[in-house]
Amino acid sequence: MSPLNVLQVFGLLKMPIIGLGTWQINGKDLEISLEAALEAGYRSIDTATFYQNEDVIGRVVKRWIDAGKLKRDDLYIVTKLPPSLMRPEDVEPCLRSSLEKLQVDYVDLYLVHVPFAFRNVSGQMVPITEKGRIDMDKSTDHIAIWKMMEKMVDKKMTKDIGLSNFNISQIERVLSHARIPPVNLQVELHVFNQQNKLVNYCRKHNISVTSYSTFASPGCKGIAVIPKSKDPERVKSNFDIFDFVLDDDEMKELNDLDADPPIRVLDMTMFPGIKEHPEYPW
Ligand SMILES: NC(=O)c1ccc[n+]([C@@H]2O[C@H](COP(=O)([O-])OP(=O)(O)OC[C@H]3O[C@@H](n4cnc5c(N)ncnc54)[C@H](OP(=O)(O)O)[C@@H]3O)[C@@H](O)[C@H]2O)c1
């Protein structure tokens, strides 16, 4: 791991404290953003099968490795099992396909993207029924899926495994059956939704936390962040965060912004009807 990276300070997982988010960016925009990020010193990249951009990331990463500017183990690559492939038999083929697209032999962290599942309808990421509702698979079995996630570690296709968008009772269920416990939880976390109860729970169970949709986050001490930008100047300035410290008053001001009830940017209702899924987390 490059000395340029600041490592996470709690949890079993040592990961860069800042990475590049890549949701809703693809093609040339992503190539430009990722090139700017690698030039600025980012070494962590967050992607997902759902984002349909792993092939672009793979091309840029290969270019850097072929040019001798990077080695594979300088990088920290995260990808995720999508809701349409949330079944045990889909885990290995899905990760294998991610590795092919990313042009790597392993990822550093493989996450279960969401706790709920869609049906796999001809490979569509977001299958919609004739009634305009999300085509759900309500038979979701977190334990069976986790057993396959563990096998991905055994097969060295990923170094670590974790969860995303799971609530405390869902994490608890996985933990109580896990041979290899989740090392990371990726969730929405920012000043208006600071998730103190969830973060403290994770801390207690040695699960590191990554914040998504972070902007305006209160320093996020001990929490990794993965800001996304298609603008190379913003990509650079988002990484330029290690030369200042917030004082106690500034921290208090930010901590006081925590909203009750929390303001959630991404409640997944872009998937129509998803709240009816038995594993909808909120
Ligand atoms: N696990 C999950 O379910 C999940 C869900 C959501 C996100 N994520 C991950 O987390 C990453 C970050 O979350 P996000 O993409 O939702 O939101 P975000 O990174 O908090 O915000 C991205 C937005 O902020 C803008 N921005 C970036 N830098 C800026 C700057 N310096 N000044 C002003 N505006 C700036 C970007 O615009 P421009 O691009 O125009 O600069 C973009 O519109 C995602 O890309 C993805 O990798 C994971």
Side-chain angles (χ1 to χ4, degrees), residues 15-37 40 42-54 56-57 76-86 98 102 107-118 125-126 161-167 170-171 182-195 198 202 207-220 223-241 244 263-271 274 277 279-282:
M15 67 185 289
I17 199 90
I18 179 163
L20 183 72
T22 69
W23 182 36
Q24 294 179 303
I25 183 166
N26 213 327
K28 199 70 200 160
D29 282 346
L30 176 53
E31 286 204 27
I32 291 168
S33 168
L34 182 51
E35 286 280 350
Y42 289 71
R43 291 296 177 262
S44 170
I45 306 164
D46 182 82
T47 182
T49 294
F50 190 82
Y51 305 165
Q52 299 184 71
N53 60 14
E54 291 166 314
V56 178
I57 293 168
Y76 192 90
I77 301 177
V78 183
T79 193
K80 314 185 191 90
L81 179 73
S84 56
L85 296 175
M86 268 291 274
S98 290
L102 290 163
V107 288
D108 296 272
L109 180 62
Y110 196 45
L111 301 177
V112 181
H113 202 150
V114 287
F116 48 78
F118 307 157
M125 278 303 154
V126 185
I161 45 180
L163 302 168
S164 179
N165 297 303
F166 277 51
N167 64 28
Q170 290 168 329
I171 301 169
V183 295
N184 180 254
L185 175 72
Q186 185 177 121
V187 283
E188 177 179 324
L189 191 153
H190 46 73
V191 275
F192 304 115
N193 186 4
Q194 298 182 21
Q195 304 255 35
L198 182 62
C202 288
I207 300 170
S208 61
V209 176
T210 300
S211 139
Y212 72 68
S213 304
T214 315
F215 275 113
S217 142
C220 279
I223 291 173
V225 293
I226 44 173
K228 168 262 173 188
S229 177
K230 63 176 162 49
D231 177 333
E233 284 310 312
R234 288 177 174 176
V235 168
K236 274 183 224 157
S237 72
N238 292 345
F239 196 72
D240 192 14
I241 54 168
F244 69 93
I263 296 169
R264 189 175 288 285
V265 179
L266 191 63
D267 65 1
M268 305 285 169
T269 49
M270 72 253 209
F271 305 128
I274 197 61
H277 193 284
E279 296 291 356
Y280 179 78
W282 310 295

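First listed ligand is number 1; within each ligand, the first listed atom is number 1.
Using bins of under 30°, 30° to 60° and over 60° for the plane-to-plane angle, the ring pair F118/F116 lands in the parallel bin.
For the side-chain contact (heavy atoms from CB on, under 4.5 Å) test with L102, the passing option among V107, I45, V56 is V107; the others fail.
Between I32 and K230, every side-chain heavy-atom pair lies at or beyond the 4.5 Å cut-off. You'll find the side chain of Q186 reaches within 4.5 Å of the side chain of I226, heavy atoms only.
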Could you pull out every N or O of ligand 1 that sits under 3.5 Å from a protein N or O, with the distance for each pair?
unit_1	atom_1	unit_2	atom_2	d
ligand 1	1 (N)	S164	OG	2.8
ligand 1	1 (N)	Q186	OE1	2.9
ligand 1	3 (O)	H113	NE2	3.3
ligand 1	3 (O)	N165	ND2	2.8
ligand 1	8 (N)	Y51	OH	3.4
ligand 1	13 (O)	S213	N	3.2
ligand 1	16 (O)	S213	OG	3.1
ligand 1	19 (O)	K228	N	2.9
ligand 1	20 (O)	T214	N	3.2
ligand 1	28 (N)	N238	ND2	3.0
ligand 1	31 (N)	N238	OD1	2.9
ligand 1	37 (O)	R234	NH1	3.4
ligand 1	39 (O)	K228	NZ	2.9
ligand 1	39 (O)	K230	N	2.8
ligand 1	40 (O)	R234	NH1	3.3
ligand 1	41 (O)	S229	OG	2.5
ligand 1	41 (O)	R234	NH1	2.7
ligand 1	45 (O)	T22	N	3.1
ligand 1	45 (O)	W23	N	2.9
ligand 1	47 (O)	T22	N	3.1
ligand 1	47 (O)	D46	OD2	2.6

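Residues passing the ring pair (Phe, Tyr, Trp, His ring centres under 6.0 Å) test with F166, sequence neighbours excluded: H142.
Checked by atom type and distance alone, the side chain of N53 pairs as donor or acceptor with a backbone atom of I25 at under 3.5 Å.
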